[in-house]
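Notes follow once the structure below has been shown.
Order of the sequence lines sets the chain letters (A, B, ...), proteins ahead of strands, with each chain counted from 1. Quick caveat: nothing in here was measured; it's all calculated off a predicted structure. All values below come from the heavy atoms of this structure, side chains included, with hydrogens, waters and symmetry mates left out.
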Amino acid sequence: MVTVTKEHFSPGQILASGQCFRMEEVKEGIWELVAGDRYLKIEETEEEHVFRFHCGEEELRDFWAPYFDLEGDYGAYKKRIDPADAYLVRAADFGRGIRILKQDLWEMIVTFIISQQNNIRRIRRIVQLLSETYGKKCVSGEGKVYDSFPGPGELARATEADLRACNLGYRSRYIRKTVEMVLGGEVDLKALEGMDYPAARAELMRLSGVGGKVADCICLFALHHLEAFPVDTHIKKVLDEQYPEGFPFERYAGFQGVLQQYIFYYVLHGRP
DNA sequence: TCCCAGGCCTTGC
DNA sequence: GCAAGGCATGGG
């Protein structure tokens, strides 16, 4: 068990920001999450900004701190927001505890192919079902049993019909093809990790079922390219309504993706 | 019954 | 090159 003291960090807001789909609030102030084949429990404490992570010092340093981007200076991002942009100021303040996670690349590829033309609750259910069906049963140090997210080899066991049985619908064919492309070495996940944003985005779009928006989500939530700015149906509406002259991307060069998450969360959970 | 959800692919021009 | 349909499923 480790104590973590951090500002601009709220597990509840990260959960509700819809970037990870295998995190849940099991009781008030207690969250559990599975990332790849790892499990973590986090508890809020009486003290503001202080949390208990149910893991060792080493695992915190080597895995969970990078995963939650705990070294990132989100206060600095907020300070660079144009004070005259009332909408963005409100959104950033409302989502002040959000961080951009560094999640597993393969998991994000599959998850965000599933996400298209779908709603967040249903995405969670499908990802959970996929993990139960094709992942591995694991046990945490404290005895919690959970299902890892299935890797390409494990998902290869699923036929298109099997995937349809997991409620993937027409996305089943995309997943099948994507699994084949990755297993066949047509797209190299290792190489993707080393690419810059434009190269990674273009390479990801070669995968079946991955267009610009999904590629941007993968770039943002797995590869941590903070310049990626996924435009989905919600964001498009905000851009049309709040930024008819265009969103000032140049002003926020290098961290537009952080602002995108503030806006997305504000649209879903904020007051109009 | 219709509309929408963190869109993408295929077709037709 | 681009606009228009089609696509699974579930909730409001």
Side-chain angles (χ1 to χ4, degrees), chain A residues 13-24 91 94-95 98-130 132-133 149 158-182 186-187 197 200-243 247 256-270 272:
Chain A
Q13 290 191 350
I14 290 169
L15 165 61
S17 72
Q19 49 178 313
C20 78
F21 297 87
R22 301 204 64 204
M23 180 170 179
E24 55 178 333
F94 186 74
I98 293 173
R99 281 170 185 266
I100 307 295
L101 304 184
K102 290 180 191 162
Q103 302 181 76
D104 178 76
L105 176 57
W106 173 248
E107 186 171 344
M108 290 301 97
I109 290 173
V110 174
T111 300
F112 278 95
I113 288 175
I114 293 168
S115 79
Q116 64 177 266
Q117 203 61 18
N118 215 335
N119 62 65
I120 291 182
R121 194 165 60 188
R122 208 165 83 89
I123 299 165
R124 304 184 94 82
R125 277 205 301 263
I126 293 172
V127 171
Q128 181 60 31
L129 185 54
L130 271 186
E132 288 170 8
T133 310
F149 188 83
T159 64
E160 189 178 326
D162 292 335
L163 294 172
R164 282 178 187 270
C166 287
N167 299 322
L168 269 76
Y170 67 90
R171 308 166 194 85
S172 304
R173 192 153 42 92
Y174 299 156
I175 298 293
R176 271 303 303 171
K177 284 194 189 172
T178 289
V179 166
E180 285 164 15
M181 288 178 79
V182 169
E186 249 180 279
V187 168
Y197 167 58
R201 185 177 195 270
E203 183 67 7
L204 283 165
M205 286 179 67
R206 295 180 50 227
L207 293 169
S208 177
V210 178
K213 189 270 171 182
V214 168
D216 277 336
C217 284
I218 300 166
C219 283
L220 188 55
F221 303 134
L223 300 175
H224 210 66
H225 293 308
L226 299 185
E227 62 266 56
F229 190 97
V231 179
D232 75 320
T233 150
H234 302 292
I235 297 291
K236 178 173 176 6
K237 209 168 145 201
V238 171
L239 294 183
D240 289 345
E241 290 172 4
Q242 304 289 333
Y243 300 93
F247 187 80
Q256 305 96 310
V258 177
L259 306 181
Q260 191 273 4
Q261 274 307 98
Y262 291 146
I263 295 171
F264 184 77
Y265 175 72
Y266 189 54
V267 174
L268 259 58
H269 303 285

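A:Arg171 places its CZ atom 17 Å from the P atom of C:dG6, with the value rounded to the nearest Å. Following rounding to the nearest Å, A:Asn167 (CG) and C:dC7 (C1') show an atom-to-atom distance of 15 Å.
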Give the table of side-chain donor-acceptor pairs shorter than 3.5 Å for residues 205-215 of chain A, with sequence neighbours excluded, one pair per line with atom names and distance.
| from | atom 1 | to | atom 2 | distance (Å) |
| --- | --- | --- | --- | --- |
| A:Arg206 | NH1 | A:Glu186 | O | 3.3 |
| A:Arg206 | NH1 | A:Glu203 | OE2 | 2.8 |

Ring pair (Phe, Tyr, Trp, His ring centres under 6.0 Å) assessment of A:Tyr265 paired with A:Phe94: CA-CA 8 Å; A:Tyr265 175 72; A:Phe94 186 74; 5.3 Å; yes

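Rounded to whole Å, the separation between the P atoms of B:dC3 and C:dG5 comes to 14 Å. Between the P atoms of C:dG11 and B:dC8, the separation comes to 24 Å (whole Å).
Counted by atom type alone, A:Thr159 and A:Asp162 present one or more donor-acceptor pairs between their side chains at under 3.5 Å.
The structure places CG of A:Asp232 at 7.0 Å from CD of A:Gln260, a figure rounded to the nearest 0.5 Å.
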N/O to N/O distances under 3.5 Å, protein versus nucleotides 9-13 of chain B:
| from | atom 1 | to | atom 2 | distance (Å) |
| --- | --- | --- | --- | --- |
| B:dC9 | OP1 | A:Gly209 | N | 3.1 |

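For A:Lys236, the side chain to side chain donor-acceptor pair (under 3.5 Å) test picks out A:Asp240, with sequence neighbours left out.
Contacts with DNA chain B (heavy atom under 4.0 Å) in residues 223-232 of chain A: A:Pro230, A:Asp232, listed by number. Taken residue by residue, residues 101-117 of chain A places heavy atoms nearer than 4.0 Å to DNA chain C at A:Gln117. Contacts with DNA chain B (heavy atom under 4.0 Å) in residues 118-126 of chain A: A:Asn118, A:Asn119, A:Ile120, listed by number.
By the 4.5 Å heavy-atom criterion applied to side chains, A:Phe21 and A:Phe149 are not counted as neighbours.
Applying the 4.0 Å criterion to OP1 and OP2 of B:dG6, one finds that A:Thr233 has every side-chain N and O outside that range.
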